[in-house]
Amino acid sequence: MLVADPPLAAEYRELRSRLAGLSDQEKAVELRTISLAVRRSIVEMISTAKLGHIGGDFSVTDIMVTCFAGVLNLDPARPHWPDRDRFVLSKGHCAAALYSTLAYCGFFPRAELATFMAPLSALNGHPNRVKVPGVETNSGPLGHGFPVATGAALAAKLDGRSWRTVVVLGDGEMQEGSNWEAAMTASHYELANLTAIVDRNRLQQGARTEDTKALEPLGDKWTSFGWELRDIDGHDHVAILQALEPSTSGRPVAIVANTIKGKGVSFMEDRVEWHHKVPSAEQVRLALEELV
Amino acid sequence: MSTEDTFDCRQDFADELIKLASSDERIVAVCNDSVGSSNLVGFREQFPERLINVGIAEQDLVGVGAGLANGGKIPFVSAAAPFLTGRALEQIKADAAYSNTHVILCGQSPGMAYGELGPTHHSIEDLSWMRAVADLPVVVPADPVQTRQAVRWAVENPGPVFIRIPRFKVPVVTPADAPFGPGLSNTLTDGDDVTVIAIGTLVSRALRAAELLRAEGIGLRVINMPFVDPFDTDAVLAAARETRGIVTAEEATVSGGLGAGVASLVATEHPVRMRILGVPNVFAPTGSASFLLEHFGLTADGIAAAARELLGHGRS
């Protein structure tokens, strides 16, 4: 198990206390800067490993950074603290975005990111909670994180605890039936402490979601399953912050976050091949030039 | 209590669960519309908030169980064994075992307990599937005593476990003070000729086989091996060294269960003749559980015959 990097964890605590006093617009300025740093780190990880899922990493980065740096109640020095908020990455193939965010927040030293997918690294291609602090469940096969997040939210509700659970799902992942089983369970148990965010980048591994197995009308599906729906621009940090506000209906909250796969690097944006293409040295240089 | 009395272990499962839950608020029961068949009606009456029914949704069932464990609960995730292990196999692998969560997977009515309902409702593949998953202890209680031991052990052990909860009625075969844990077994009869390693419904049948063979002057060592994984390798290797052959007996397909595990060990460490009794990788015909156990030779006579064969006293 990796352990926290004390100076980074201290920086994280300072960041959180500084952000606490700011308006959403002011917070968003800082969160945008962090998102750029996380994207640069993802480029470096994937170019070193020569493996990864850069397109989905970039579509989910702003969501993930907003959760970890702006909203969730976490302590990198005590990753298993019982009253922490839970963040579940169900689209586990976007582990590089999660690791990069966790390292930024001090859950483990940033130098560890250079080992991404190297032999015997704790940073497997899909996250492992036994090895990486801040990971709540081992994901990778799709359709797993949402039921686990539902169970966690149910545990908090049974105990009357105030911690919350956020699960991030890929949009293609919504084709897995287990997610809709969980959507029914969360609705039945009125888990207002659960937020499900769909990274709606409209591309899955091989093609557009709507050309593969159509998800639309996606928002109506959530509503009909008994969820409070929030439809946002998933790259607008202010919108993400506001969408992560508590449920107003007593029902679980679904955020359909409209995103762009490959967001931030012009030649990757909305292009299906960047699901798991690895950038060349020249493309890395161009990408890092854009991510400033 | 007569030695002929037999018991549906689901009652002992439920009674022990309620007893432990009375003093441990972390314990919850999670089921898939199986409140009745998992014998959780009494639990629901006593702890209505702690009985979580996710409906007919086994993937969700196991995932929700893992999430409850993440949130500090000790979930007894309970469903008919064929659906729990077959439908949610990947959740058992990823969410329970690989994630190392304290999820207690309770496979109700395993083996061919649902005899006439057919192979869709038989759980004979479960031991092969569960044994193939790393870091997942697999427990097959033989009677009410071991069922209660399994429930208690599962609460104490911080990781995941799969327990078969027997429905087919069985007599008590386990002494009250018998040890119970990973890598432990109970030697129920001493014998130097042949060893029978049996689990679940087959243990009492193995004991009857020992009686039959005693009358013929053959000493049968009967070992009850509730932990199919990790099993008692010392007892197996001692049997390989000290007796002339090993018969394994299980209400499961022979492709990957107890017999396969024992054979793999003795083949590499101390080769010895074996007979592996179980279901020979076929879908069972229509019939009651009793009929099907007879049909596949999973009886005292069948075990005795296998032991005789190993001694060269029967057909080879």
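FYI, side chains are in, hydrogens and waters are out, and symmetry mates aren't considered; it's all heavy atoms of this structure. Numbered from 1 within each chain, the chains take letters A, B, ... in sequence-line order.
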Tell me, do [X] and [Y] make a side-chain contact under 4.5 Å, heavy atoms counted?
X	Y	result
B:R50	A:L158	no
A:N138	B:D95	no
A:H144	B:E90	yes

Enclosure of [X] [atom1] (heavy-atom neighbours >12, cutoff 6.0 Å):
X	atom1	result
B:Q46	CD	yes
B:I56	CD1	no
B:D135	CG	no
A:M117	CE	yes

- [ ] Considering only heavy atoms and a distance below 4.5 Å, find which of B:E49, B:E58, B:Q59 pairs most often with chain A.
- [x] B:Q59
Task: Top of B:I52, B:V54, B:V30 for chain A proximity - count of heavy-atom pairs under 4.5 angstrom - done: B:I52
TODO: Indicate yes or no for a side-chain donor-acceptor contact from A:R86 to the backbone of B:G67 under 3.5 Å, with no hydrogens or angles considered.
DONE: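 Not a single qualifying donor-acceptor pair exists.
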TODO: Just do the side chain to side chain contact (heavy atoms under 4.5 Å, CB included) check on A:D159 and B:K73 with the steps written out, would you?
DONE: CA-CA 9 Å; A:D159 287 345; B:K73 298 296 180 186; 2.4 Å; yes
Segment of [X] engaging chain B (4.5 angstrom heavy-atom cut-off):
X	result
A:W163	side chain
A:A182	both
A:Y189	side chain

What's the spacing between [X] [atom1] and [Y] [atom2] if we round to 0.5 Å?
X	Y	atom1	atom2	value
A:N179	B:D60	CG	CG	9.5 Å
A:E181	B:L61	CD	CG	9.0 Å
B:N70	A:L154	CG	CG	12.5 Å

TODO: Mind listing the closest non-hydrogen atom pair of A:V148 and B:A66 along with its distance?
DONE: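 So the two residues come closest at CG2-CB, 4.1 Å.
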Task: Residues in residues 96-114 of chain B near chain A [non-hydrogen atoms, under 4.5 Å] - done: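 The residues closer than 4.5 Å to chain A, in numerical order, are B:Y98, B:S99, B:N100, B:T101.
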